[in-house]
Amino acid sequence: SGCKSLSTLDLTNFQTSNVKYMNSMFKDCESFTTLNLNCLETENVLNMDSMFFNCKLLKYLDISEFNTSRVTSMANMFNNCEEIDYLDLNTFDTSKVIQMEYMFNNCKKLTTILIDKFNTKNVQNMSHMFNYCENLEYLDLNTFDTPKVNDMKYMFSNCKELTSLLVDNFYTGNIKDMSYMFENCF
């Protein structure tokens, strides 16, 4: 399944202002190395789950103009984007997001991720969120508000290069599962 061989795509003329679901939109598009999707109108999108799942060769992604103010699920959004090393998501409005599990799972080459403007007050699931981000050295999540999160299992597991993790403001009073949260963080 998926468009495994598709390597270029021009969506400039797409009219997406009425689209509500973009989940799995580029799933298994394994040959993309670059995507500029700022032409997409996303103000009505509710679900971006698995949007770039398994885009294994993707190295550059520009989604800085995405309007994510209505999105409730970003689970698996970048899961298995093995080659991407930089993501700036500080323009994302995540105030309605409930699901963030596996969001950056297996982003093996990711070294820089800008998410300090994330509003996580409604997120319930963060399990496997950064699992296997093997080259991530620094992660500042002090702006994360976590009163509704109940699952953080495997959240940072296998982040082998992680030397600085700032989670001073995490509220963990409602967490039900923290198993393997820091497994193999050397």
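We number each residue from 1, following the sequence as shown. Predicted model, so just to flag it, every value in this text is computed and none were measured.
Checked against side-chain contact (heavy atoms from CB on, under 4.5 Å), L11 has the following partners two or more places apart in sequence or in another chain: L9, F14, F26, L37, C39, L40. Under the side-chain contact (heavy atoms from CB on, under 4.5 Å) criterion, F92 pairs with I63, F66, T68, M74, M77, L89, T94, F118, not counting sequence neighbours.
No path of Ile, Leu, Val, Met, Phe, Trp and Tyr side chains, each step under 4.5 Å between heavy atoms, connects I98 with V45, placing them in separate hydrophobic clusters. Residues V167 and L162 fall within the same hydrophobic cluster, defined by Ile, Leu, Val, Met, Phe, Trp and Tyr side chains chained together at heavy-atom separations under 4.5 Å. With hydrophobic clusters built from ILVMFWY side chains whose heavy atoms lie under 4.5 angstrom apart, I175 shares a cluster with F170. Under a hydrophobic-cluster definition in which Ile, Leu, Val, Met, Phe, Trp and Tyr are linked whenever side-chain heavy atoms come within less than 4.5 Å, directly or via other members, L114 and L35 are assigned to different clusters. Under the 4.5 Å side-chain heavy-atom criterion for ILVMFWY residues, a single connected hydrophobic cluster contains both L165 and I115.
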Check the pair N54 / E30 against side-chain contact (heavy atoms from CB on, under 4.5 Å), numbers first and verdict last. CA-CA 6 Å; N54 211 32; E30 295 181 13; 3.2 Å; yes
Begin with the C-alpha distance, continue with both residues' side-chain angles, and end with the deciding distance and a verdict on side chain to side chain donor-acceptor pair (under 3.5 Å) for N76 and E101. CA-CA 6 Å; N76 290 292; E101 69 269 19; 5.6 Å; no
For the pair D88 and S64, evaluate side-chain contact (heavy atoms from CB on, under 4.5 Å) and give the outcome as yes or no after the intermediate values. CA-CA 7 Å; D88 183 352; S64 58; over 6 Å; no
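Summarising the geometry of Y138 relative to L166, their closest heavy-atom pair is OH-CD1, 3.5 Å, with the distance given to 0.1 Å. Nearest heavy-atom pair, Y21 versus V19, reported as atom, atom and distance to 0.1 Å: O-CG1, 3.4 Å. Closest approach of T143 and D116 over heavy atoms only: OG1-O, 2.8 Å. Among all heavy-atom pairs drawn from S73 and Q99, the shortest one is OG-CB, 3.6 Å. Across all non-hydrogen atoms, the minimal contact from M22 to E41 is CE-O, 4.1 Å. Scanning all heavy atoms of the two residues, the minimum distance from S95 to N119 falls at CB-ND2, 3.5 Å.
One finds the CG atom of D151 at 8.5 Å from the NE2 atom of H128 (value rounded to the nearest 0.5 Å). Note that the CG atom of N131 and the OH atom of Y154 stand 8.5 Å from one another [nearest 0.5 Å]. Annotation: the span from M155 atom CE to M103 atom CE amounts to 11.0 Å, rounded to 0.5 Å. Taking CG of N122 as the reference point, atom OG1 of T146 lies at 12.0 Å (rounded to 0.5 Å). The CG atom of N158 sits 7.5 Å away from the SG atom of C185 when rounded to the nearest 0.5 Å. From T42, atom OG1 reaches atom NZ of K20 across 13.5 Å, with rounding to the nearest 0.5 Å.
Applying the salt bridge (charged side-chain N to carboxylate O under 4.0 Å, His left out) test to pairs two or more places apart or on separate chains, those with a residue in residues 106-115 are E83-K109.
For the 3.5 Å distance criterion, the side chains of S50 and N23 fail to qualify, holding no donor opposite an acceptor.
Between T72 and N47 the shortest side-chain heavy-atom distance does not fall below 4.5 Å. Using a 4.5 Å cut-off on side-chain heavy atoms (C-beta onward), D85 and K59 make no contact. The shortest distance between side-chain heavy atoms of K56 and D28 does not fall below 4.5 Å. Taking the side chain as every heavy atom from C-beta outward, F52 and N80 never approach each other to under 4.5 Å. Looking at heavy atoms from C-beta onward, K148 lies out of side-chain contact with V123 at the 4.5 angstrom threshold. Side-chain contact between L139 and I113 is present, with at least one heavy-atom pair separated by less than 4.5 Å. At least one side-chain heavy atom of N79 sits less than 4.5 Å from a side-chain heavy atom of N106. With a 4.5 Å cut-off on side-chain heavy atoms, S17 and E43 count as touching.
Among F144, F156, Y102, the one residue that satisfies the ring-ring contact (aromatic ring centres under 6.0 Å, His included) test with F130 is F156. Exactly one residue among Y132, F104, F53 makes a ring-ring contact (aromatic ring centres under 6.0 Å, His included) with F78. That residue is F104.
Checked by atom type and distance alone, the side chain of N174 never pairs as donor or acceptor with a backbone atom of N150 at under 3.5 Å. Of the possible polar contacts, none joining the S179 side chain to the K153 backbone as a donor-acceptor pair under 3.5 Å is found.
Annotation for Y180: atom OH does not count as buried by contact number, only 12 or fewer foreign heavy atoms lying within 6.0 Å.
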